[in-house]
Amino acid sequence: MSRKMAVLVITGKDAGGFLLGFLFLVLLALVTGRAIPALAPLHPALVGKVITIDPGHGGIDPGSHDDGSVLEKDIVLEIARNVCYLLARARAVPILTRHGDWEMSPIWPDEKTRHRQDLAARIHIAHRTNSDVFVSIHVNKIGSKSTSGAIVFYSKDKPESKRLATCIQQAIRDVAPFRGRSVLEGDFYVLNAARLPAVIVEVGFISNPEEKELLLTPSYRGRLADAIFRGLLAFFEGS
Ligand SMILES: [Zn+2]
């Protein structure tokens, strides 16, 4: 066999190996339901951005709940984890304040009440990690069954927070079939204390029967996570 032929044979073999490897990765992605990291879409506007994602409540604080079976702290943790996964895949640097079912108060014991300690800890994490933005995720509940839809809160006199709130709300509109999709000024401790663009995303009302039904569906929680991710992408692309 001539040297030329040998080169051709080796090249062909490599191409076959590459194809087999690629097919294996595609198969792996289909089986695990996850995107292939090597092929994950990289978003230049998000690369290297430090983004604190805060699932509200946790531990002894269940947040909003419906006769004890549906707990806000569990729903928001799953959404927050999914947002972090999408951000990491886009090569941002997500910081998840709470990885499991626990409260955050031991991190910041300087405040008087456990509740205030818990909130202060979350914004402390965003400051300590020099985050670019802070997004706290919650589920809403009120007395009326008819009220529905996501609300995104920002703090007064913080235009970048308002812009972030608007970007996230616009993205949620694409996936949530509910009314009342507001961007509102809110007087909340974490938002007032934040020295960075910060929002509270109330993804929906568990007091609304149809919305509760959807919030209990993993695919809907996944769509909400994707919407929050796309809202963040729009925010950084616009800055
Ligand atoms: Zn909450």
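Ligands are counted one by one from 1 in listed order, and the atoms in each one are counted from 1 as well.
With a cut-off of 2.8 Å, the protein N/O/S atoms near the Zn ion (ligand 1) add up to 3.
For the residue pair His138 and Glu202, no side-chain donor N or O sits within less than 3.5 Å of a side-chain acceptor on the partner. Judged purely by distance below 3.5 Å, without hydrogens or angles, the side chains of Ser146 and Ser144 pair a donor atom with an acceptor atom. Side-chain contact annotation: Ser136 with Asp54, donor-acceptor N/O pair under 3.5 Å present.
A distance-only check finds a donor-acceptor pair linking the side chain of Glu211 to the backbone of Phe205 [under 3.5 Å].
Remark: Ile168 CD1 to Leu232 CG distance equals 4.5 Å, nearest 0.5 Å.
When each of Val135, Thr97, Asp132, Asn130 is tested with Thr52 by the rule side-chain contact (heavy atoms from CB on, under 4.5 Å), just one qualifies, namely Thr97.
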